[in-house]
Amino acid sequence: MLHPRARTMLLLAIPALVIGVASSLVLIVVMKVASVLQTMLWTALPANIGFSPDSPVWIIVMLTLTGIAVGLVIRFSPDHAGPDPAQEPLIGAPVSPAALPGLIVALIVGLAGGVSLGPEHPIMAVNIALAVFLGSRILPRVDALDWTILASAGTIGALFGTPVAAALIFSQTLSGNNDVPLWDKLFAPLMAAAAGALTTSLFFHPHFSLPLPDYGQMQIADIFSGAIVVAIAIALGMIAVWCLPRLHRLMHKLKHPVLILGVGGLLLGILGAIGGKVTLFKGLDEMQQLAFSQVFSVSDYLLFAVIKLAALVVAAASGFRGGRIFPAVFVGVALGLMLHEHVDAVPAAITVSCSILGLVLVVTRDAWLSLFMAAVVVPDSTLFPLLCIVMLPAWLLLAGKPMMMAWRNDK
């Protein structure tokens, strides 16, 4: 009763569902453990010994110890807990299964300790490695690339709580033809993404949207305002792009992982002491604090944006295991709120969404993901045409520019 095309799509349906659920469960377990450890380190422990967790001394000590701990994990783990994320794209080649325990521990310690990186890159690496390793043994006729795509899609769905991001990302990486249309190739990845998103929603809901005033109707002047905001965000992001490989080379002259990450942790602690506790961690909960607070000024928002971006560069250059998307979103929110406070005639919905678009575009070079992040943080349908328009000059500005990655020959 089914066309051969339909039977081909259904072939991977069950593996896609399993991988999507498993990808979400890996994320959930890691985030729950990291959350418990974070509460112990930043609430229970300082209260027991009479320290304020917001004090500069506690922040510096905690970040330095976190760096040393992650350095020890990487030094003594098989395969050094996977490749250096600063030299890898979000979706990369499968890593050795032996590296996964160390990678997971390094990620949990970094997340709990306040490192300014998100969970996306290590979680993606873990899920891809598990899917390829187990899938190739259970269904050896399925290519490793197919397992990689399914694990990536499931992880993206789990991270963002929706399969939409996976659909956008893979629509530009998978190509269709007359014999095999694009949506045939998207069927299994979207199945995995949907399963990952639904599984995540059973345990927690990622809170991306901010309580900003509604935008209203688009005006011609708003397009120019949005384009200027995107250009400012790109300029700020490109400073980080320039700094990352150079700082990575400088840090890795220290040779030993414990020393590299210990120094990196100390630098993160100093930055955290300057910017305050709101500039620590992956940034998802912290950007809500920025939006809800009524006490921050233009200079405060600018300080938060600069400190968080500097912390992102230091964390990535030092070799901490983590991703760069969530911190980049925080920087975009802080920059957008600063620009709105500075020129309040431009709606906050425009400054925040366009800043996020520019920063995420610099970090990922993925136009669809950038549009998606801007749209979910500022969920106003009237903004979407404006975002699509200002994406065009943004893409022109970044054409041919270097990626936010460390050079491969860094040692």
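Remember, predicted model here, so these are calculated numbers, not experimental data.
In this structure the side chain of V313 reaches within 4.5 angstrom of the side chain of L247, judged on heavy atoms. Using a 4.5 Å heavy-atom cutoff, the side chains of T148 and P94 are in contact. Contact check for L312 versus F330: no side-chain heavy atoms found under the 4.5 Å cut-off. Taking 4.5 Å as the limit, every side-chain heavy atom of L361 sits out of range of all side-chain heavy atoms of D366. Counting heavy atoms from C-beta outward, M124 and S152 have side chains that approach closer than 4.5 Å. Taking 4.5 Å as the limit, every side-chain heavy atom of L202 sits out of range of all side-chain heavy atoms of V21. Between M405 and P89 there is a side-chain heavy-atom pair separated by less than 4.5 Å. Under the 4.5 Å side-chain criterion, counting only non-hydrogen atoms from C-beta, L396 is not in contact with L392.
The environment of I14 atom CD1 is sparse: at most 12 non-hydrogen atoms of other residues, nucleotides or ligands sit within 6.0 angstrom. The environment of I220 atom CD1 is sparse: at most 12 non-hydrogen atoms of other residues, nucleotides or ligands sit within 6.0 angstrom.
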Please output the side-chain donor-acceptor pairs of residues 68-81 that fall under 3.5 Å, not counting sequence neighbours, one pair per line with the distance.
{"from": "S77", "atom 1": "OG", "to": "V73", "atom 2": "O", "distance (Å)": "2.4"}
{"from": "D79", "atom 1": "OD2", "to": "S96", "atom 2": "OG", "distance (Å)": "3.1"}
{"from": "H80", "atom 1": "ND1", "to": "I74", "atom 2": "O", "distance (Å)": "3.3"}

Extract all donor-acceptor atom pairs below 3.5 Å that involve side chains of residues 222-242 and protein atoms in other chains or at least two apart in sequence.
{"from": "D222", "atom 1": "OD2", "to": "Y215", "atom 2": "OH", "distance (Å)": "2.5"}
{"from": "D222", "atom 1": "OD2", "to": "Q219", "atom 2": "N", "distance (Å)": "3.2"}
{"from": "S225", "atom 1": "OG", "to": "A221", "atom 2": "O", "distance (Å)": "3.1"}

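There is no side-chain donor-acceptor pair under 3.5 Å between D54 and S52.
Remark: A93 pairs with no residue by the side chain to side chain contact (heavy atoms under 4.5 Å, CB included) rule, at least two apart or across chains. Scored by the side chain to side chain contact (heavy atoms under 4.5 Å, CB included) test, V36 finds M40 as partners (sequence neighbours excluded). By the side chain to side chain contact (heavy atoms under 4.5 Å, CB included) test, A315 is found to be paired with V115, L117, L268, F320, residues two or more places apart in sequence or in another chain being considered. Not counting sequence neighbours, the partners of A166 by the side chain to side chain contact (heavy atoms under 4.5 Å, CB included) test are A153, I156, F170, A193. Every residue meeting the salt bridge (Lys or Arg N to Asp or Glu O under 4.0 Å) condition with E88, not counting sequence neighbours, appears here in chain and number order: R408.
Here the CG atom belonging to L357 is positioned 11.0 Å from the CH2 atom belonging to W395, to the nearest 0.5 angstrom. Note that CD1 of I91 and CG of N127 are 11.5 Å apart. Values are rounded to the nearest 0.5 Å. L107 CG to E120 CD: the interatomic distance, rounded to the nearest 0.5 Å, is 9.5 Å. The distance from atom CD1 of I356 to atom CG of L335, rounded to the nearest 0.5 Å, is 10.0 Å. D214 contributes atom CG, which lies 7.5 Å from atom OG1 of T382 (distance to the nearest 0.5 angstrom). Summarising the geometry, atom OG1 belonging to T279 is positioned 7.5 Å from atom CG belonging to L303; distances are rounded to the nearest 0.5 Å.
Across all non-hydrogen atoms, the minimal contact from L383 to I350 is CD2-CG1, 4.1 Å. Considering every non-hydrogen atom in both F133 and P97, the closest pair reads CD1-CG, 3.6 Å. The nearest pair of heavy atoms linking L100 to V95 is CD2-CG2, 3.6 Å. Taking each heavy atom of A328 and V363 in turn, the nearest pair found is CB-CG2, 3.7 Å. Closest approach of Q289 to V278, counting heavy atoms only: OE1-CG2, 3.8 Å. The two residues M287 and F208 have their closest heavy-atom pair at CE-O, 3.2 Å.
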Any chance you could lay out the side chain to side chain contact (heavy atoms under 4.5 Å, CB included) test for K282 and M31, step after step, and finish with the verdict? CA-CA 11 Å; K282 63 181 182 292; M31 296 304 292; 3.5 Å; yes

What verdict does the side chain to side chain contact (heavy atoms under 4.5 Å, CB included) test give for Y301 and S297, after you've listed the backbone C-alpha separation in whole Å, the side-chain angles of each residue and the deciding distance to 0.1 Å? CA-CA 6 Å; Y301 288 127; S297 64; over 6 Å; no

Evaluate L387 against C354 for side chain to side chain contact (heavy atoms under 4.5 Å, CB included), listing each step before the verdict. CA-CA 7 Å; L387 293 174; C354 291; 4.1 Å; yes

Could you walk me through whether I270 and L266 pass side chain to side chain contact (heavy atoms under 4.5 Å, CB included), step by step? CA-CA 6 Å; I270 295 171; L266 175 61; 4.3 Å; yes

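Aromatic ring orientation, H252 versus H248: parallel (interplanar angle below 30°, classes split at 30° and 60°).
For the ring-ring contact (aromatic ring centres under 6.0 Å, His included) condition, the pairs that include at least one residue of residues 258-293, sequence neighbours left out, are W42-F281. Sorted by first and then second residue, the side chain to side chain donor-acceptor pair (under 3.5 Å) pairs involving residues 312-325 (not counting sequence neighbours) form an empty list. The side chain to side chain donor-acceptor pair (under 3.5 Å) pairs that include a residue from residues 330-355 number zero, where partners must be two or more places apart or lie in different chains. Residue pairs meeting the side chain to side chain donor-acceptor pair (under 3.5 Å) criterion with at least one partner in residues 16-40, sequence neighbours excluded, are S24-T200. Residue pairs meeting the ring-ring contact (aromatic ring centres under 6.0 Å, His included) criterion with at least one member in residues 351-375, sequence neighbours excluded: F160-F372.
In terms of modelled atom types and a separation under 3.5 Å, the side chain of K401 and the main chain of L397 share a donor-acceptor contact. Remark: the backbone N or O of P211 is not paired with any side-chain donor or acceptor of Q288 at under 3.5 angstrom.
Each of V306, D300, I307 was evaluated against F304; a single residue qualifies, D300, per the side chain to side chain contact (heavy atoms under 4.5 Å, CB included) test.
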